[in-house]
Amino acid sequence: MTKETKKEPENLTCGLIMPISAIDGLGADHWLEVKSIIQDAVTSIIEPKFSVKLVSDADDVGVIHKRIVHGVYSSDIVVCDVSARNANVMFELGMRLAFDKPTIIIKDDKTDYAFDTSVIEHLAYPRDLRFSKITAFKKLLADKVAATYHAAKGPGHSTFLKNFGTFKIAEIDQKTGTSDQLVIEALQDLQQEVSRLRYSSQEAANSLKRRASSKSFTEQPELNAVIIAVNNLLNEHPNLDVRNIDAIRDILVKDESIASKFKTYSEFSEAVRDACVYIKKIAGIIVT
């Protein structure tokens, strides 16, 4: 008889701790690109499979600060980007390290090491998101996530605390609240989410207006190539919505004849967005 191989759980989670708003001269768009790079890398892992989301995200409704703590604690593995030394990121990283659960730290090549966490290996990526180097970084990150997850299942594994002695690992005592408490917390969180979505929507609209007014949609050969590629992709896949820019970009990024025309991942992503906007305009789907 052959020995039965134990299957990995199908709902493994990779939590992301990273900046999401402007800091150190880097706008929110930059961090969206970094988030997409991390997600592409982790979801490319064949075995085990991870779902990837910010530790602040959750399927249910709850107070955002509690969601963050729960995400930091419960994620099977965490990727933390300490680029630009964001205070919230460093605080959430500190919590994760106190739980002593598998954690991978990454940073851009312009950010110095923090003294307290310098004993942990950091994976570096180029701040300018240069395409060729990002491709290598994604492969390195995927390998590191898979290896770290498997190593963490062994006895005595420790991401951080082992460097300083023997400690009692922090744990969260999860309690069930009353129905009134849950309703109040849900209302508070919904109010925060509505405010956040309003701000994000306005920022996205302003960003699109700036890009549309600063350059012609068809004056760049590279952009023309992306427009043609997007149009062909939509023709080949009738169910693909031109408004689903992330899905279109994720498909096109695999086409090196298109993606390699751009120096950075950010430039490529912006070109895909602009191409989709252009196609939507000529198709009359939106009016700007």
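In what follows, residues are counted from 1 in the order of the sequence shown. What you see is a predicted model; the values in this text were computed from it and never measured.
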Any donor-acceptor N or O pair under 3.5 Å, side chains [X], [Y]:
X      : Y      : result
Arg249 : Ser36  : yes
Tyr265 : Asp40  : yes
Glu33  : Ser266 : no

Looking at side-chain heavy atoms only, is the closest gap between [X] and [Y] below 4.5 Å?
X      : Y      : value
Cys276 : Ile248 : yes
Tyr149 : Cys14  : no
Arg96  : Ser75  : yes
Ile77  : Phe50  : yes
Thr264 : Ile134 : no
Ser83  : Met18  : no
Leu97  : Ile120 : yes
Leu233 : Leu252 : yes

statement: Residues at least two apart in sequence or cross-chain that pass ring pair (Phe, Tyr, Trp, His ring centres under 6.0 Å) with Phe268, listed by chain then number, are Phe262
message: Could you work out, with ring pair (Phe, Tyr, Trp, His ring centres under 6.0 Å) as the rule, every residue matching Tyr113, not counting sequence neighbours?
response: His122
Distance from [X] atom [atom1] to [Y] atom [atom2], nearest 0.5 Å?
X      : Y      : atom1 : atom2 : value
Asn239 : Asn244 : CG    : CG    : 12.0 Å
Asp255 : Ser260 : CG    : OG    : 8.0 Å
Leu234 : Leu240 : CG    : CG    : 5.5 Å
Asp109 : Asp128 : CG    : CG    : 7.0 Å
Leu12  : Glu47  : CG    : CD    : 8.5 Å
Asp246 : Ile251 : CG    : CD1   : 11.5 Å

Within the distance-only criterion (no hydrogens, no angle test), does the side chain of [X] pair as donor or acceptor with the backbone N or O of [Y] below 3.5 angstrom?
X      : Y      : answer
Asp108 : Tyr125 : no
Thr13  : Asp76  : yes
Asn235 : Asn231 : yes
Thr43  : Gln39  : yes

- request: Apply side-chain contact (heavy atoms from CB on, under 4.5 Å) to Tyr278 and Val230, showing your working.
  value: CA-CA 10 Å; Tyr278 177 74; Val230 171; over 6 Å; no
- request: I would like to know whether Val52 and Lys35 meet side-chain contact (heavy atoms from CB on, under 4.5 Å); could you show each step before the answer?
  value: CA-CA 10 Å; Val52 187; Lys35 178 184 175 185; over 6 Å; no
Heavy atoms only: give me the nearest [X]-[Y] pair and the separation to one decimal.
X      : Y      : value
Phe137 : Ala124 : CD1-O, 3.4 Å
Asn86  : Pro19  : CB-CG, 4.1 Å
Ala84  : Ile23  : O-CD1, 3.7 Å

Pairing residues for Asp24 by the side chain to side chain donor-acceptor pair (under 3.5 Å) criterion, not counting sequence neighbours: Arg127
query: Does one hydrophobic cluster hold both Phe91 and Val89, with members joined at side-chain heavy-atom distances below 4.5 Å?
result: yes
statement: Here the salt bridge (charged side-chain N to carboxylate O under 4.0 Å, His left out) pairs for residues 79-93, sequence neighbours left out, are none
message: Regarding Glu270 and Lys263, does a basic nitrogen lie under 4.0 Å from an acidic carboxylate oxygen?
response: no
- request: In plain terms, say whether Asp241 and Arg243 are close enough for a salt bridge, that is, a side-chain N and a carboxylate O under 4.0 Å apart.
  value: yes
Please tabulate, for side-chain N and O atoms in residues 138-145, each donor-acceptor pair with protein atoms closer than 3.5 Å (sequence neighbours left out).
| from | atom 1 | to | atom 2 | distance (Å) |
| --- | --- | --- | --- | --- |
| Lys139 | NZ | Asp143 | OD1 | 3.4 |
| Lys139 | NZ | Asp143 | OD2 | 2.7 |
| Lys144 | NZ | Glu121 | OE1 | 2.6 |

message: Go through it in stages, so that I can follow the logic: the residues are Ile104 and Leu123, the test is side-chain contact (heavy atoms from CB on, under 4.5 Å), and I'd like the CA-CA distance, side-chain angles, deciding distance and then a yes or no.
response: CA-CA 8 Å; Ile104 294 171; Leu123 305 185; 4.2 Å; yes
task: Compute both the distance and the angle, then confirm whether Lys101 meets the cation-pi test with Tyr73: under 6.0 Å from the six-membered ring centre, within 45 degrees of the axis.
output: yes
message: Suppose we screen for side-chain contact (heavy atoms from CB on, under 4.5 Å). Which residues come up paired with Ile228, at least two apart in sequence or across chains?
response: Asn232
- request: Report the C-alpha separation of Val78 and Ile17 in whole Å, then their side-chain angles, then the decisive distance to 0.1 Å, and conclude whether the side-chain contact (heavy atoms from CB on, under 4.5 Å) test is met.
  value: CA-CA 7 Å; Val78 160; Ile17 300 175; 3.7 Å; yes
